[in-house]
Engineer: 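Handing you a structure now.
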Amino acid sequence: MLDSTSNIDSPVNSESGEFLMNLAIGTPSESFLCQALPSSTCSNGCQYSYSYGDGSSTQGYMGSETFTFESTSVPNIGFGCGENNSGFGGSNGAGLVGMGRGPLSLPSQVNANKFSYCMSSVGSTATSTLQIGSLSAPSEGSTMKTPLIQNPQIPTFYYLGLNDTSVGGSPLNIPQGTFALNSDGSGGLIIDSGMTITYLVTVPIAWSSRHLTLKQTSLPTRVH
């Protein structure tokens, strides 16, 4: 309700016999959320444009609101209200939850320095689990661990240090430093839950893996 000290001043424009006014629903996004985007303008609300590595993209307006996960409510979560979205396929979801290292990801906004998830197999009716914060700590001795590396040139990605790989228990003997993250931000190995397959872009390593796989499975080899 408006009190005696509150005022509303909104332009009303006439168009084709109708009177139109601008109306925004929800809490306007704070300026730091707009500034955290690689492409945004804050002259008229907070318009954003963002593209993903697979070519999909979204455009719309930034806002902030209270998000509720089961029985837990978190206020002032910044999010994008996409008006023009492409490349996300036939998903049944109504949007994407960002889990990267960037300031707009869900873990960053709730000040959580760790999260964990266990996704059920494709086609399974079992419920998957996502835990953020202290609940995500694994039981000692129940999991294998490896450090995550941060790339200052691409700070939102999670990098892994890969030393070697094997096929059927036989190591490929990858030369040291093949997948090292370089000082200019190139190289390295990214872990990405959105990728369908795991692939190596270094041709000799990929060929060695293919050759060893065919050898162990006794499949015929044909070179193109």
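When a residue number appears, it is its place in the shown sequence, counting from 1.
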Engineer: Can you tell me if CD1 on I191 sees more than 12 non-hydrogen neighbours from other groups inside 6.0 Å?
Structural biologist: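 Open: at most 12 neighbouring heavy atoms sit under 6.0 Å from CD1 of I191.
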Engineer: Shortest non-hydrogen contact from P171 to D164?
Structural biologist: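 Reported closest heavy-atom pair: CB-OD2, 3.8 Å.
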Engineer: With rounding to the nearest 0.5 Å, note down the distance linking OG1 in T127 to CE in M119.
Structural biologist: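 Going from the OG1 atom of T127 to the CE atom of M119 covers 12.0 Å.
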Engineer: Give the minimum heavy-atom separation between S73 and T68, together with the two atoms involved.
Structural biologist: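 Closest pair (atom of S73, atom of T68, distance): OG-OG1, 2.9 Å.
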Engineer: Taking all non-hydrogen atoms of both residues into account, name the closest pair between N76 and Q109 and its distance.
Structural biologist: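 Between these two residues, the closest heavy atoms are O-OE1, 4.0 Å.
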Engineer: For E83 and Y61, work out which heavy atoms get closest and say how close.
Structural biologist: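 Minimum heavy-atom separation between E83 and Y61: OE1-CE1, 3.4 Å.
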Engineer: If Ile, Leu, Val, Met, Phe, Trp and Tyr residues are connected whenever their side-chain heavy atoms lie under 4.5 Å apart, and connections chain through other members, are F179 and Y159 in the same group?
Structural biologist: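 No, separate clusters.
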Engineer: Compare all side-chain heavy atoms of T66 with those of I77 and state whether any distance is below 4.5 angstrom.
Structural biologist: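 Not in contact.
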Engineer: Rounded to the nearest 0.5 Å, how far apart are CG of L162 and OG1 of T178?
Structural biologist: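 Interatomic distance, L162 CG to T178 OG1, rounded to 0.5 Å: 9.0 Å.
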Engineer: Side chains of I132 and L106: does their closest heavy-atom pair fall under 4.5 Å?
Structural biologist: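 A side-chain contact under 4.5 Å exists here.
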Engineer: Checking side chain to side chain donor-acceptor pair (under 3.5 Å) between S57 and each of S49, S86, S51, which is the one that passes?
Structural biologist: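 Of the listed residues S49, S86, S51, the side chain to side chain donor-acceptor pair (under 3.5 Å) partner of S57 is S86.
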Engineer: Tell me if the CZ atom of F157 is crowded by more than 12 foreign heavy atoms within 6.0 Å.
Structural biologist: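 Result for CZ/F157: open.
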Engineer: Using only atom types and a distance under 3.5 Å, with no angle test, would you say the side chain of Q59 pairs donor to acceptor with the backbone of N85?
Structural biologist: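 No, because the side chain of Q59 does not come within donor-acceptor range (under 3.5 Å) of the backbone of N85.
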Engineer: Where do A126 and S124 come nearest, in terms of heavy atoms and distance?
Structural biologist: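 Where A126 meets S124 most closely, the heavy atoms are N-OG, 3.1 Å.
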Engineer: Does OH in Y117 sit with more than 12 non-hydrogen atoms of other residues, nucleotides or ligands closer than 6.0 Å?
Structural biologist: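 Atom OH in Y117 is not crowded, with 12 or fewer foreign heavy atoms closer than 6.0 Å.
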Engineer: Could you pull out the closest heavy-atom pair between S108 and G102, with the gap in Å?
Structural biologist: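 The pair with the smallest heavy-atom distance is OG-O, 2.7 Å.
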Engineer: Given 3.5 Å as the limit, does a donor-acceptor pair link the side chain of N182 with the main chain of D184, or not?
Structural biologist: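 Between the backbone of D184 and the side chain of N182 there is no qualifying donor-acceptor contact (under 3.5 Å).
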Engineer: With rounding to the nearest 0.5 Å, note down the distance linking CG in L181 to CD1 in I190.
Structural biologist: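 L181 atom CG to I190 atom CD1 measures 9.5 Å (nearest 0.5 Å).
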Engineer: Quick check against the 3.5 Å criterion: does S64 have a side-chain atom that pairs as donor or acceptor with the backbone of G78?
Structural biologist: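 Between the backbone of G78 and the side chain of S64 there is no qualifying donor-acceptor contact (under 3.5 Å).
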Engineer: Return yes if a side-chain donor-acceptor contact under 3.5 Å exists between S128 and S120, otherwise no.
Structural biologist: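 Yes, a side-chain donor-acceptor pair sits under 3.5 Å.
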Engineer: Quick check, are the ring centers of Y52 and Y50 under 6.0 angstrom apart?
Structural biologist: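 For Y52 and Y50, the ring centres are under 6.0 Å apart.
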Engineer: Would a hydrophobic clustering, with Ile, Leu, Val, Met, Phe, Trp and Tyr connected at side-chain separations under 4.5 Å, put L104 with I154?
Structural biologist: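 In one cluster with L104: I154, no.
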Engineer: Angle class for the F79/F67 ring planes (parallel below 30°, perpendicular above 60°, tilted otherwise)?
Structural biologist: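 Tilted, since the angle between the ring planes falls between 30° and 60°.
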Engineer: Going from CG on L148 to NZ on K114, what distance comes out if it is rounded to the nearest 0.5 angstrom?
Structural biologist: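 Here the interatomic distance stands at 13.5 Å.
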Engineer: Could you tell me whether the side chain of P107 reaches within less than 4.5 Å of the side chain of M99, counting heavy atoms only?
Structural biologist: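 M99 vs P107: side chains touch.
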Engineer: Say you draw a straight line from CG of L160 to CG of D192; how long is it, rounded to the nearest 0.5 Å?
Structural biologist: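 Those atoms lie 11.0 Å apart.
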